[in-house]
Peer 1: 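Would you mind keeping the following structure in view while I ask a few things?
Note that the structure is a prediction, hence the values are computed from the model and not measured. Per chain, numbering begins at 1; letters A, B, ... match sequence-line order.
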2 protein chains.
Amino acid sequence: MERQRRIPEATVARLPVYLRTLLDVQADGVTTISSERLAELAGVNAAKVRKDLSYLGSFGTRGVGYDVDHLLVQMSRELGLTRDWPVAIVGVGNLGAALANYGGFGDRGFPVAALIDADPTKVGTIFGGHTIRHLDDLPALVDELGIAIGIIATPAVGAQEVADRLVAAGVKSILNFAPAVVTVPEQATLRKVDLALELQVLSFYGQRDSIGLALREELGVAAAAKNSGA
Amino acid sequence: MERQRRIPEATVARLPVYLRTLLDVQADGVTTISSERLAELAGVNAAKVRKDLSYLGSFGTRGVGYDVDHLLVQMSRELGLTRDWPVAIVGVGNLGAALANYGGFGDRGFPVAALIDADPTKVGTIFGGHTIRHLDDLPALVDELGIAIGIIATPAVGAQEVADRLVAAGVKSILNFAPAVVTVPEQATLRKVDLALELQVLSFYGQRDSIGLALREELGVAAAAKNSGA
DNA sequence: CCGACCTTGTTCTCTTGTTCACAAAGTGCC
DNA sequence: GGCACTTTGTGAACAAGAGAACAAGGTCGG
């Protein structure tokens, strides 16, 4: 009974949200949950939840709902969370240091295995229990420590080179925090976290609001008259 | 000549990328740029660039390209970057502290105006030039400092309450770093930065790779045979 | 002043993602 | 065991976004 193993990208991005939600309710002793309830807690539409979960393979029971434990097992397996994914943080500046200290990593299968920098004055120093290694050591580190994910926390200017080196060393999953456009070959996966972008998007929608409600109602001229006339 | 002022969400999210790219080329002395070149630098499709820019109002010149300076002005205006958007960081723990120290904020119109925490032992202490204020002072701070954007950097458990309080105090733009589902009323805008989610998505695609190329070609059984037989 | 060339702006088509609506399937009361 | 009730899984309609293709419009050399 081979399932259609094609999980849409949008669904993949929601699975972690369901996972987190399920862990929460599991901690509260809940053993069964309906798509309706899960949707409410995850902040999405119930139909979407059902369709998303159906990609994992019909684990619900009609008339009852989903077994929380079972769903968690299946979801963890699908997301690849049954193993550890050692992470290397490249760039131990402000951001990199914060990430290294941030507990949230090791918690659930993403141990920080290496800190890497290109600055000779930083290399060799110890930070958060790790000796900072040089970028040139990357291939060796990947072999030794099984680095599976690279986090780019360098300034924008070095980001693409770091990405290239990570890929060359065999790291196929990259998370980019640098405010720069980075591209990777198709065989690799790149995700980005872009603070400036998020703030600017907020700025855009915030401005829309502060211009005044009238303008949003596309009464351009009327709104201007009202404002200057008041 | 009133333009259709309806900019798609996906476009809004790309404008900051174009903006950054344009600033880069402007610094190199480039005065004119084609959609082709801009697309290459921004890592997107040229047709998409043209369509996105057309929402701003046809500022290109056929046969030539776009005037970099002019485009930057229009884009900044559209994104609301002609004014400052004072930011309040709520939650001065590991992450909040890192964000407060991170220079990238004040740079371009998003000055950190206040640090806020609910922990009485932190309130009153000075961090990075700011006296940490109590969450209860939020309404006053919004009035005094014109806080326009709230950044949630608390543990998951407090996130929703902080969001509610921000909205109640009149802050309509929120950026959530807490690993929790947070919802806001329609009048407000919420964006999220979710580290765990990004890592888990990488894990998903990483696992797909390590299972073996053959499996990806949906030859389920054949792939298993090949692997065990080799 | 004309024609070859270039690049934008936009239309059309295709793909992806969302939502509705309902049949299928299971539960539990009586 | 049957019936009313609940909830899933999915087909189909709908919306949003991506990309190809091309006409319109403008430049520049001669």
Side-chain angles (χ1 to χ4, degrees), chain A residues 1-18 21-22 25 30-68 70-71 74-75 78 183 186 201 204-205, chain B residues 1-18 21-22 25 30-68 70-71 74-75 78 183 186 201 204-205:
Chain A
M1 229 61 66
E2 195 62 27
R3 280 256 133 219
Q4 48 171 27
R5 281 266 167 240
R6 191 53 181 225
I7 303 189
E9 216 175 306
T11 295
V12 173
R14 277 190 296 268
L15 291 182
V17 178
Y18 301 144
T21 305
L22 288 169
V25 301
V30 174
T31 59
T32 300
I33 193 167
S34 69
S35 62
E36 197 80 41
R37 178 79 180 125
L38 180 52
E40 186 191 333
L41 294 173
V44 301
N45 178 295
K48 210 188 284 185
V49 169
R50 289 200 294 277
K51 188 161 278 190
D52 285 344
L53 295 186
S54 80
Y55 289 114
L56 303 181
S58 279
F59 295 124
T61 310
R62 297 175 189 221
V64 178
Y66 299 88
D67 181 82
V68 173
H70 189 210
L71 206 48
Q74 295 300 333
M75 204 172 279
E78 196 67 43
T183 56
E186 206 184 346
V201 170
F204 173 85
Y205 289 110
Chain B
M1 230 61 66
E2 197 60 29
R3 278 258 132 217
Q4 49 171 24
R5 280 267 167 238
R6 190 53 179 225
I7 303 189
E9 216 176 303
T11 296
V12 173
R14 277 189 297 269
L15 291 181
V17 178
Y18 301 144
T21 306
L22 288 169
V25 302
V30 174
T31 59
T32 299
I33 193 168
S34 70
S35 61
E36 197 79 42
R37 179 78 179 126
L38 180 51
E40 187 191 333
L41 294 173
V44 301
N45 178 293
K48 209 187 287 184
V49 169
R50 289 199 294 277
K51 191 175 285 188
D52 286 344
L53 295 187
S54 79
Y55 289 113
L56 304 182
S58 281
F59 295 123
T61 311
R62 297 177 188 218
V64 177
Y66 299 88
D67 180 82
V68 173
H70 189 211
L71 207 48
Q74 295 300 334
M75 204 171 280
E78 195 68 42
T183 56
E186 205 183 345
V201 170
F204 174 85
Y205 288 110

Peer 1: Going from NZ on Lys48(A) to OH on Tyr18(A), what distance comes out if it is rounded to the nearest 0.5 angstrom?
Peer 2: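 Interatomic distance, Lys48(A) NZ to Tyr18(A) OH, rounded to 0.5 Å: 7.0 Å.
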Peer 1: What is the distance from CD1 of Ile33(A) to C1' of dT8(D), rounded to the nearest Å?
Peer 2: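 Atom-to-atom, Ile33(A) to dT8(D), this comes out as 14 Å.
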Peer 1: Whole-Å distance between dT7(D) C1' and Tyr66(A) OH?
Peer 2: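 Taking OH of Tyr66(A) and C1' of dT7(D), I get 9 Å after rounding.
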Peer 1: Can you tell me how far C1' of dG9(D) sits from CG of Leu56(A), to the nearest Å?
Peer 2: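 From Leu56(A) CG to dG9(D) C1': 13 Å.
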Peer 1: Between the protein and nucleotides 17-21 of chain D, are there any N/O to N/O pairs under 3.5 Å, and if so, what are the atom names and distances?
Peer 2:
| from | atom 1 | to | atom 2 | distance (Å) |
| --- | --- | --- | --- | --- |
| dA18(D) | OP1 | Arg14(B) | NH1 | 3.2 |
| dA18(D) | OP2 | Arg14(B) | NH1 | 3.3 |
| dA18(D) | OP2 | Arg14(B) | NH2 | 3.1 |
| dG19(D) | OP2 | Lys48(B) | NZ | 3.1 |
| dG19(D) | O6 | Lys51(B) | NZ | 2.2 |
| dA20(D) | OP2 | Asn45(B) | ND2 | 3.4 |

Peer 1: How long is the line joining CZ of Arg37(A) and P of dT6(D), in whole Å?
Peer 2: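 Those two atoms, CZ and P, are 18 Å apart.
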Peer 1: Yes or no on side chain to side chain contact (heavy atoms under 4.5 Å, CB included) for Leu22(B) and Leu41(B), after CA distance, side-chain angles and deciding distance?
Peer 2: CA-CA 9 Å; Leu22(B) 288 169; Leu41(B) 294 173; over 6 Å; no
Peer 1: Search all heavy atoms of Val201(A) against all heavy atoms of Ala13(B) and return the closest pair with its distance.
Peer 2: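 Here Val201(A) and Ala13(B) meet closest at CG2-CA, 4.1 Å.
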Peer 1: Are the side chains of Tyr66(A) and Arg37(A) in contact, using a 4.5 Å heavy-atom criterion?
Peer 2: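 No, every pair of side-chain atoms sits at 4.5 Å or beyond.
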Peer 1: Enumerate the protein-to-nucleotides 25-30 of chain C contacts in which both atoms are nitrogen or oxygen and the separation is below 3.5 Å.
Peer 2:
| from | atom 1 | to | atom 2 | distance (Å) |
| --- | --- | --- | --- | --- |
| dA25(C) | O4' | Arg62(A) | NH1 | 3.4 |

Peer 1: If only side-chain N and O atoms of Ser35(B) are considered, is one of them under 4.0 Å from the OP1 or OP2 phosphate oxygen of dT8(C)?
Peer 2: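 So the side chain of Ser35(B) is within the cut-off, an N or O lying under 4.0 Å from OP1 or OP2 of dT8(C).
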Peer 1: What integer distance in Å separates Phe59(B):CZ from dG26(D):C1'?
Peer 2: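 Taking CZ of Phe59(B) and C1' of dG26(D), I get 18 Å after rounding.
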Peer 1: So for the helix from dC1(C)-dG30(D) to dC30(C)-dG1(D), with five pairs setting each end axis, what is the inter-axis angle to 10°?
Peer 2: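 Between the first-five-pair axis and the last-five-pair axis there is 10°.
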Peer 1: Nearest 0.5 Å, what's the CD-CD1 distance between Glu40(B) and Ile33(B)?
Peer 2: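 One gets 9.0 Å once the value is rounded to the nearest 0.5 Å.
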Peer 1: Report the distance from atom OG1 of Thr11(A) to atom CZ of Arg14(A), rounding to the nearest 0.5 Å.
Peer 2: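 Nearest 0.5 Å value for the OG1-CZ distance: 5.0 Å.
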Peer 1: Report yes if the side chains of Asp67(B) and Thr61(B) come closer than 4.5 Å at any heavy-atom pair, otherwise no.
Peer 2: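 Contact flag for Asp67(B)/Thr61(B) side chains = no.
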Peer 1: Rounded to whole angstrom units, what separation is found between the CZ atom of Arg6(B) and the C1' atom of dA16(D)?
Peer 2: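 Result: 12 Å.
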Peer 1: Find out whether Phe204(A) and Glu9(B) are in side-chain contact, i.e. whether some heavy atom of one side chain is under 4.5 Å from a heavy atom of the other.
Peer 2: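 Not touching, per the 4.5 Å side-chain cut-off.
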Peer 1: Nearest whole angstrom, please: distance from the C1' of dG9(C) to the CD of Glu36(B).
Peer 2: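 Interatomic distance, CD of Glu36(B) to C1' of dG9(C): 15 Å.
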Peer 1: With rounding to the nearest 0.5 angstrom, report the NE2 to OG1 distance, His70(A) to Thr31(A).
Peer 2: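 Separation between the atoms: 14.0 Å.
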Peer 1: Under a 4.5 Å cut-off applied to non-hydrogen side-chain atoms, are Leu56(B) and Leu53(B) in contact?
Peer 2: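 Yes, close enough: below the 4.5 Å cut-off.
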Peer 1: Provide, to the nearest angstrom, the distance between the OH atom belonging to Tyr55(A) and the C1' atom belonging to dT18(C).
Peer 2: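 Answer to the nearest Å: 10 Å.
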Peer 1: Can you check side chain to side chain contact (heavy atoms under 4.5 Å, CB included) on Val44(A) and Asp52(A), steps first, answer last?
Peer 2: CA-CA 11 Å; Val44(A) 301; Asp52(A) 285 344; over 6 Å; no
